[in-house]
Structures are given as C-alpha cells and as structure tokens.
Amino acid sequence: MSTPQRMTPSEALVETLAAHGVTEVFGIVGSAYMDALDIFPAAGIRFIPVAHEQGAAHMADGYARASGRHGVCIAQNGPGVTNFVTAIAAAYWAHSPVVFITPETGSMTMGLGGFQETEQLPIFAKITRYQGHVSSPKRMAEIAARCFDRALLELGPCQLNIPRDHFYGDIQATISPPLRIGRGAGEEAALDEAAALLAAAKFPVIVAGGGVIMAGGGAEAVALAERLHAPVCTSYLHNDAFPASHPLWCGPLGYQGSKAAMQLIAQADVVLALGTRLGPFGTLPQYGIEYWPAGAKIIQVDAEARVLGLVKPVSVGLCGDARAVAAALLQRLAGRELACAANLSGRSARIAGEKAAWEQELAGWTHERDPFSLEAAKDSPHMHPRQMLRELEQAMPKHAMVSTDIGNICSVANSYLRFDEPRSMFAAMSFGNCGYAFPVICGAKVARPDRPAIAYVGDGAWGISLNELLTCAREKIGVTVVLFNNGQWGAEKKNHVDFYSRRFQGVNLANPSWAAVARAFGCEGVTVDRLTDVGPALQAAVRAQAEGTCTVLEMMVTQELGDPFRRDALSKPVRYLEKYRDYT
Ligand SMILES: Cc1ncc(C[n+]2csc(CCOP(=O)(O)OP(=O)(O)O)c2C)c(N)n1
Ligand SMILES: [Mg+2]
C-alpha cells in the first residue's frame, strides 16, 4: 500500500504485522490492545495465548531462532510487560529478531500513578536493539515497521511501545513494504589481508559461530573448510553451525565441549572465526586444556563491528555477513597456492586421530568419577546422566530441533548434541536463565511443525517453566520435554561440593511425580528409569508430536555431577569474623 489510506491505528498496526509476514503472535490477552487483537483473525494472524508472559517472549525467541523470521509477542501494560524482561534479555544475547509489543498506560494519565503504570522504555533500554515509541497515533505504521525492519537488520529484540489510547483514532497511514538491507562481505582490503593469512597458514582452523547460521552460510562454510582442508570447531552452544557428519567437523569449543576441537585449535597458526563474537565463556580453558592459541593470527568475522577484537585480540577484523565473507574468501583463494596443502595428509591424520580419541574417551566416560559423584551414584537405582544422554543421542530423530536449559546435565549434554542442519540447537546462550528451554521449543515447534521438537530441562528449571504445559495442552503444541530428575539444583550444588565443603543450602529438591503432573495438565507423562527404555520412549514421544501431543519424559538419574560452570568465577571462601570461622 504505497499511498496513504484512511484507517484506525489498530488497523495500521495489524496491517503492518501482515506486511511483515507475521502469522503468529504469543501473549496473554489484555484490554490495552484488545482493539487490535480483535482483528488479528481477519489479517490471518493466530494469537497463541500462553500461561505467563515470560513464556510468550521465550516462544517468540524460539520461533525466530527456528525460522529466521520475526518472533512476535504482546502483553498487557505494566505487569504483563514487566513479565517479558527475562525472556527479552535472553533473546538479546541469542540475537533473535523478536518484536515485542508493549502497550503502555494511556498518554493522558501517564505520570499520575494510575493502574498498571510503569515506565516501560528504561526497563528494556539495555536489552533491545531499538525501542520504538508511538508518540502519536498517526505514527503507528511508521514506528511499527521500523521495529520489524531493525529487528532483522540488527538481529535482536525491538520494542514497540504504544500508549493504550493510541490504538484508537482516525488516521491516514501508509503501509510500507519491509526494508531489507544486505550486509555484504565487508572491506576489500581486509578480505585481501584475510585471504593472504589463510593462504600462508600451515594449520588453519575455522570456528563456525551463530553468524553462519543466521546468514544461511552453511554451504559456504563447508566449501571454505574443504578448500583449506581445515578442521572446524563450532562456537559455544552453536553446535548446529557446521554439519556433524562432515569429516572436518570437530565439535564444540567451550564448557563441556569437544576435546578434539580444543586439541586441534590449540595447534592453529591461523584461526578464522566465522560469525562469532568469541564470547568469553566459550573460550575459557576446559578439562584443564588451555586451548586458545594465543600466538595464532586471528581473523574475526562478525556482522556487528563492535564485537570485533573485543574478547580476543585479532589480526584482521571483518565486519560483514558470514556467508558473503566466506564466499568472498573462497573467491580470493581460488587457484591460489596454499601453504597448508604441503601437510595435507599430516593434518588429515591429526584431525581423524583427535576425533577418534575423543570419541573413545566419551564412549568410556559412562559416569563421573570425582568422590562426590561416586558416592552419590553408589547405591542409586537410577541412570547415570552421561549414559542416558548417549542413549538420547543415538535415538535422536533426523531433523530434530533441541533446546537446552541451564543446568549440570544440560551442560554435559553439549558433548552429545550433534546436528547436520542449521537452526537445530536452541541453548539458553549467555544470558543463562533457568527456565529457557521449554517455552523456546514451544515457539520453535509453532514455527516449524514439520520438525521434531525436544527440550532438555533440569528438574529445578522445570519448576520455573512448567506452566506452559497448559499452553501445549490448550493449543496442541506437540513437543517433547526430556526432564532430568536428579532431585537437585545440581549445577549450583556442584559449587557447594567444590568450594563450600558440601554445606548444602537450597539445592535439594523434593519432587512430585513429574510424569503425573504432566498428565494432570492434559499432556502425556512417562517415567523412564532404565537405559534400554530411553531411546524407545523418545521415539514414541516424537511420534506423538504429530497429533499435537506434548510428552514429558521424566528421566530418573543419579545425583552425580559433571564439571562446574564457573570454576573461573569462584574461589574458596575466606572469613575474618569469629562467628563465621567454620564456614571455610
Ligand atoms: C533464572 C535462574 N535462576 C537461577 C540460576 C542459577 N542456576 C544456574 S544452574 C542452576 C541449577 C539448575 O538445576 P536443574 O535445572 O535441576 O539442573 P541440574 O543442574 O540439576 O542438571 C541454577 C539454580 C539461573 N541460571 N537462572
Ligand atoms: Mg536437577
């Protein structure tokens, strides 16, 4: 619609949603935006009512991550909107193009302390890419469109803040088509320099990050890796950035990642960090291995200029689209003599050797062996978490999407989550909030009903998020929850074990039967206590997804605990006061 037309601001909003291809919106109904909600069906938009607004924003995040399209959520002004905060912060660190619509208290009463009033822009200022405020009803279409354009342009959440009286009126509005701006491959001179470094490299290693996925650059990354015959590590929690079945794939870096990836990158003289900010948490030493090659030349590619050279010093920083950069580098390397060609067979053997060694170690690593874990598992009738995770890996259906929460077992799962296609792994990323995985997989399933959808969740995190079982039952969202019942907030208990002489506080959980709880919500619930039942239970639950059935598989596991999250951030307690003397 290129010419202005008479409409109401509600119509302008809904027409803008439609123009941007929005077909689903997550939220909880509220009077503030009811005038727009009323016409969603006529615009082909399904409103998906949820149990908690945090769930709605996580679902929008999952929807965006699975599809690459906008995820959209909406809430009542005041408390509905503040319930978004945690999930928007998570979406910010996951680079998700989420547009969250926040009706605000009326413009004529703002500041008087009326009902459901709070300043809604400052709360989100640091966790959004753009905040659009509809300062006049006449600007509804313009500001709404800007939120949608910028969410994709800058890859992050954008807030559309609308005083609730601004939904009403008689305006002339133009509905503009989406503005799509390509990023390109970046600076020519930097590309030349990067190509020269790669051509001279004797042991080049690629780190493939989330930027490869977001740019749709999987094929280019594979082609570049093959041209260099370079091993490819995936960046922390982006296990789907490179196909795991490819011979050059080495697995994830970072916490509970692949030792093969770490041993190989430690050898690198040149690292191509493709589409990754090289987040600090994903480059810390693990398993006692200081793998980051401090002496290597680093070429870092990211769509966001400000992350280049931020965490690790770089030799070349390239601000561009990971796909376009990979293609441009391939072009520059075509027909060129590569120093690394000289030791191709040696490198091949090295890659295969490190991968085989890690596989063998993983295969034998059936349980944790530290004193606490050995004690905890000794007389337990339950499954060892690692063995259970391996069974899940082996039974994982093709094209599966898996979300993971924050917790000890979810973290250990990192070694057992391998994917052949992008947009398959949705971890809680660096915001790290417990309660992420379940609503996120619900949103992913709504976006991609054709793909199996599985959430890995600890029993503690489950308590934060299980209310969305209501949404699954009501809206027939067929996802599978693999719930790790170890009766504890395990990841934090591990810190008590390692640093606080096992003075446990607030870490033991008395659980109901989570399978029975799921059934009470109108979903399916199955308790699994034997390794041989893990795979068949997963497969049956995935089959039931086709009927819109959500199943909770309650995995009964021992209380053993893998390596801690934050060894880097904790130290043994020091007490100076007499009354706390024993607390060391
Ligand atoms: C919202 C939120 N609250 C608290 C934490 C701190 N925290 C990190 S891991 C963890 C324990 C997770 O326990 P559970 O979900 O049972 O998984 P497990 O570690 O037992 O596998 C907690 C409480 C967090 N990350 N997010
Ligand atoms: Mg637990």
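These numbers come from a predicted model, not from an experiment.
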Asks: Under the side chain to side chain donor-acceptor pair (under 3.5 Å) criterion, do S245 and D420 qualify, and how do the steps go?
Replies: CA-CA 6 Å; S245 59; D420 269 335; 2.9 Å; yes

Asks: Considering only heavy atoms from C-beta outward, does the side chain of I127 approach that of P157 to under 4.5 Å?
Replies: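 No. Closest side-chain heavy atoms not under 4.5 Å.
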
Asks: Could you verify whether a donor N or O on one side chain and an acceptor N or O on the other, from N343 and H229, lie under 3.5 Å apart?
Replies: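 On atom types as modelled, these side chains do not qualify, holding no pair under 3.5 Å.
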
Asks: Could you give me the CA-CA distance, side-chain angles and deciding distance for Y416 and L362, then say whether side-chain contact (heavy atoms from CB on, under 4.5 Å) is met?
Replies: CA-CA 9 Å; Y416 306 90; L362 261 190; 3.5 Å; yes

Asks: To the nearest 0.5 Å, how far apart are OH in Y63 and CZ in F26?
Replies: 7.0 Å

Asks: Would you say the side-chain atoms of S373 and D370 include a donor-acceptor pair closer than 3.5 Å?
Replies: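 Yes, side-chain donor-acceptor contact under 3.5 Å.
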
Asks: D405 side chain to A437 main-chain N or O, any donor-acceptor pair under 3.5 Å?
Replies: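 Pair found, side chain donor or acceptor close to backbone of A437.
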
Asks: With distance as the sole criterion, is a donor-acceptor pair present between the side chains of N161 and T102 under 3.5 Å?
Replies: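 A donor-acceptor contact under 3.5 Å links the two side chains.
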
Asks: Does a side-chain heavy-atom distance below 4.5 Å link M425 with L237?
Replies: yes

Asks: Take atom CZ in R502; do more than 12 heavy atoms of anything else shown fall under 6.0 Å from it?
Replies: yes

Asks: Check I299 against A194 and note the closest heavy-atom contact, atom names and distance.
Replies: CD1-O, 3.6 Å

Asks: Can you find a heavy atom in the side chain of Q159 that is under 4.5 Å from one in the side chain of I88?
Replies: no

Asks: Yes or no on side-chain contact (heavy atoms from CB on, under 4.5 Å) for V98 and H70, after CA distance, side-chain angles and deciding distance?
Replies: CA-CA 6 Å; V98 166; H70 295 102; over 6 Å; no

Asks: Is the closest side-chain heavy-atom distance between Y291 and L253 below 4.5 Å?
Replies: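 A side-chain contact under 4.5 Å exists here.
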
Asks: Roughly how far, to the nearest 0.5 Å, is CD1 of I351 from CG of L248?
Replies: 5.5 Å

Asks: Which label fits F565 and Y255: parallel for a plane angle under 30°, tilted from 30 to 60°, or perpendicular past 60°?
Replies: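 Tilted, since the angle between the ring planes falls between 30° and 60°.
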
Asks: Measure centre to centre between the rings of Y92 and F431, then say whether the value is under 6.0 Å.
Replies: no

Asks: Is the backbone of L278 close enough, under 3.5 Å, to the side chain of T276 for a donor and an acceptor to pair up by distance?
Replies: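 Yes; judged by distance alone, with no hydrogens or angles, the pair exists.
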
Asks: Determine the minimum heavy-atom distance between A260 and C250, stating which atoms define it.
Replies: CB-O, 4.1 Å

Asks: If you look at every heavy atom in L330 and E220, which pair is closest and at what distance?
Replies: CD1-O, 4.0 Å

Asks: Given the rule in the side-chain contact (heavy atoms from CB on, under 4.5 Å) test, do T128 and L121 qualify, once you have shown the distances and angles that lead to the verdict?
Replies: CA-CA 10 Å; T128 42; L121 291 169; over 6 Å; no

Asks: Dump the intermediate steps for side-chain contact (heavy atoms from CB on, under 4.5 Å) on V402 and F426, then the final yes or no.
Replies: CA-CA 6 Å; V402 182; F426 313 120; over 6 Å; no

Asks: Is the F124 to F100 ring centre distance short of 6.0 Å?
Replies: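 Yes; F100 has its ring centre under 6.0 Å from that of F124.
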
Asks: Measure the CZ-CG distance between F203 and L264 for me, rounded to the nearest 0.5 Å.
Replies: 5.0 Å

Asks: Under the salt bridge (Lys or Arg N to Asp or Glu O under 4.0 Å) rule, what do R390 and E359 come out as? Steps first, then yes or no, please.
Replies: CA-CA 12 Å; R390 217 16 5 150; E359 276 319 302; 3.3 Å; yes

Asks: Rounded to the nearest 0.5 Å, how far apart are NZ of K494 and CZ of F499?
Replies: 9.0 Å

Asks: Can you tell me if NZ on K312 sees more than 12 non-hydrogen neighbours from other groups inside 6.0 Å?
Replies: yes

Asks: Going from CG on L274 to CD1 on I206, what distance comes out if it is rounded to the nearest 0.5 angstrom?
Replies: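 Here the interatomic distance stands at 7.0 Å.
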
Asks: Is there a side-chain contact between Q505 and K493 in this structure, where contact means two heavy atoms from C-beta onward sitting under 4.5 Å apart?
Replies: no

Asks: Give a yes or no on whether a salt bridge exists between R180 and D149, defined as a side-chain N under 4.0 angstrom from a carboxylate O.
Replies: yes

Asks: Does atom CD of E226 have more than 12 heavy-atom neighbours from other groups under 6.0 Å away?
Replies: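 Yes, CD of E226 has more than 12 neighbouring heavy atoms, counting only those of other groups under 6.0 Å.
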
Asks: Is the centre of the F504 ring less than 6.0 Å from the centre of the W489 ring?
Replies: no

Asks: Please check: side-chain N/O of S501 versus main-chain N/O of V497, any donor-acceptor pairing under 3.5 Å?
Replies: no

Asks: I need the minimum non-hydrogen distance between G562 and V412, along with the two atoms involved.
Replies: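 Looking at all heavy atoms of both residues, the closest pair is CA-CG2, 4.3 Å.
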
Asks: Any side-chain donor-acceptor pair under 3.5 Å between Q256 and N414?
Replies: no

Asks: Measure from the side-chain N and O atoms of R575 to the backbone N and O of Y583, and report whether any donor-acceptor pair falls under 3.5 Å.
Replies: yes

Asks: Let me see the working for S415 and R386 under side chain to side chain donor-acceptor pair (under 3.5 Å), right down to the final yes or no.
Replies: CA-CA 9 Å; S415 288; R386 282 185 179 271; 4.9 Å; no

Asks: Within the 4.5 Å heavy-atom criterion, are C73 and Q54 side-chain neighbours or not?
Replies: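 In short, these two side chains do not touch, never coming nearer than 4.5 Å.
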
Asks: Using every non-hydrogen atom in the two residues, find where S315 and E193 come nearest and quote the distance to one decimal.
Replies: O-OE2, 4.0 Å

Asks: Would you say the side chain of R129 lies within less than 4.5 Å of the side chain of L155, judging by non-hydrogen atoms?
Replies: no

Asks: Salt bridge check, R332 against D192: does any charged N sit closer than 4.0 Å to a carboxylate O?
Replies: yes

Asks: Does the distance from a Lys or Arg side-chain N to an Asp or Glu carboxylate O, for R277 and E304, drop under 4.0 Å?
Replies: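 Looking at R277 and E304, the cut-off is not met.
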
Asks: What I want to find out is whether R369 reaches E560 closely enough, with some N-O distance under 4.0 Å, to be called a salt bridge.
Replies: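 Salt bridge flag = no for E560 with R369.
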
Asks: Would you say the side chain of I409 lies within less than 4.5 Å of the side chain of M388, judging by non-hydrogen atoms?
Replies: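 Yes, close enough: below the 4.5 Å cut-off.
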
Asks: Is it the case that the side chain of S67 and the backbone of R69 share a donor-acceptor pair, with hydrogens and angles ignored and the cut-off at 3.5 Å?
Replies: yes

Asks: Carefully, step by step, assess Y287 and W358 under the rule ring pair (Phe, Tyr, Trp, His ring centres under 6.0 Å).
Replies: CA-CA 12 Å; Y287 311 112; W358 173 232; 5.8 Å; yes

Asks: Could you tell me which non-hydrogen atom of R423 sits nearest to which non-hydrogen atom of A66, and how far apart they are?
Replies: CD-O, 3.3 Å

Asks: Cationic tip of R150 within the cone over Y130's six-membered ring, i.e. under 6.0 Å and within 45° of the normal?
Replies: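 Flagged: R150 positioned over aromatic ring of Y130.
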
Asks: Take atom NZ of K259 as the centre, draw a 6.0 Å sphere, and report whether it contains more than 12 heavy atoms from other residues, nucleotides or ligands.
Replies: yes

Asks: Can you check whether R451's main-chain N or O pairs, donor with acceptor, with K445's side chain at less than 3.5 Å?
Replies: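 Flag set: sc K445 to bb R451 pair under 3.5 Å.
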
Asks: How long is the straight-line distance from SG of C147 back to NE2 of H133, given to the nearest 0.5 Å?
Replies: 11.5 Å

Asks: Stepwise, does the side chain to side chain donor-acceptor pair (under 3.5 Å) test hold for Q559 with N486?
Replies: CA-CA 5 Å; Q559 295 201 315; N486 60 2; 5.9 Å; no

Asks: Does the distance from a Lys or Arg side-chain N to an Asp or Glu carboxylate O, for R350 and E354, drop under 4.0 Å?
Replies: yes

Asks: Between D269 (side chain only) and K202 (backbone N and O only), is there a donor and an acceptor less than 3.5 Å apart?
Replies: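 Flag set: sc D269 to bb K202 pair under 3.5 Å.
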
